[in-house]
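Written below as structure tokens is the structure these notes are about.
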Amino acid sequence: MEYPFSGDVVVHAVARARAKQVEWLLATVLGYQVPLQWQLQSQVPHALKTAFSWQGDENFGPELASALAGWKEIYFEVIQFPNEHSGGSIWLYTPDLGIKHRAIDAIGNYLIGENELRAAMTKSSNAAGLSWEIENLLATEWDQVLDPLRSQADLPIEAKNYRVG
């Protein structure tokens, strides 16, 4: 069956005890079992990492991100690649920062809209405030937390070198 959307899920770190729960949750959202290959996450004690590619309808990306978000012991990215009918998206998650959604282009650049920039300028009373607002639009805090976990050289997905940000 041909699906209109595809993407990747990268679980950068999850407590070893939660790995089976993550598998069950992903299978529930996707409607099919995903044979995940778990590996040790060297940056987080007692944690595992995995990644896989998915195909589905336009709701799979946000549903996967929503299902995983809120757990205290997980760091992840859900990527929904753009296609000829729709732009792409990425959802970044850390337990301390929560979830961050950004639109992305075909090569993974964050897309910042005119209205987002106007809102950032309106909220800012000085250059430091504007700088903070722009860093927030660029998901800088999320990238700073996830970057050390992004060693994907040994992750089992075709698009393992796809790097957003």
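All residue numbers in this chain count up from 1 along the given sequence. Predicted, not measured: the structure shown is a model, and the values here were computed from it.
- Glu77 and His12 share a side-chain donor-acceptor pair at under 3.5 Å.
- Using a 4.5 Å heavy-atom cutoff, the side chains of Val145 and Leu97 are in contact.
- Between Gln41 and Tyr75, the closest side-chain pair of non-hydrogen atoms is not below 4.5 Å.
- The NZ atom of Lys100 lies 13.0 Å from the CG atom of Leu146; values are rounded to the nearest 0.5 Å.
- By the 4.5 Å heavy-atom criterion applied to side chains, Leu137 and Tyr110 are not counted as neighbours.
- Put simply, CG on Asn109 and CD1 on Ile107 are 4.5 Å apart, with the number rounded to the nearest 0.5 Å.
- Contact record, Ala13 with Val44: CB-CG2, 4.0 Å, taken as the closest heavy-atom pair.
- Below 30°, between 30° and 60°, or above 60°: for Phe76 and Tyr93 the angle between ring planes is below 30°, a parallel geometry.
- The heavy-atom pair separating Lys49 from Leu40 by the smallest distance is CE-O, 3.5 Å.
- Between Trp54 and Asp8, the shortest heavy-atom contact is NE1-N, 3.4 Å.
- The shortest distance between side-chain heavy atoms of Ile79 and Ile104 falls below 4.5 Å.
- Using a 4.5 Å heavy-atom threshold, the side chains of Gln80 and Pro62 count as touching.
- Put simply, the side chain of Val14 does not reach to within 4.5 Å of the side chain of Leu68, judged on heavy atoms.
- Counting heavy atoms from C-beta outward, Trp38 and Val11 have side chains that approach closer than 4.5 Å.
- Nearest heavy-atom pair, Ala67 versus Leu25, reported as atom, atom and distance to 0.1 Å: O-CD2, 3.2 Å.
- No side-chain heavy atom of Lys72 sits under 4.5 Å from any side-chain heavy atom of Arg18.
- Nearest approach of Gly61 to Val78, heavy atoms of both residues: O-CG1, 3.6 Å.
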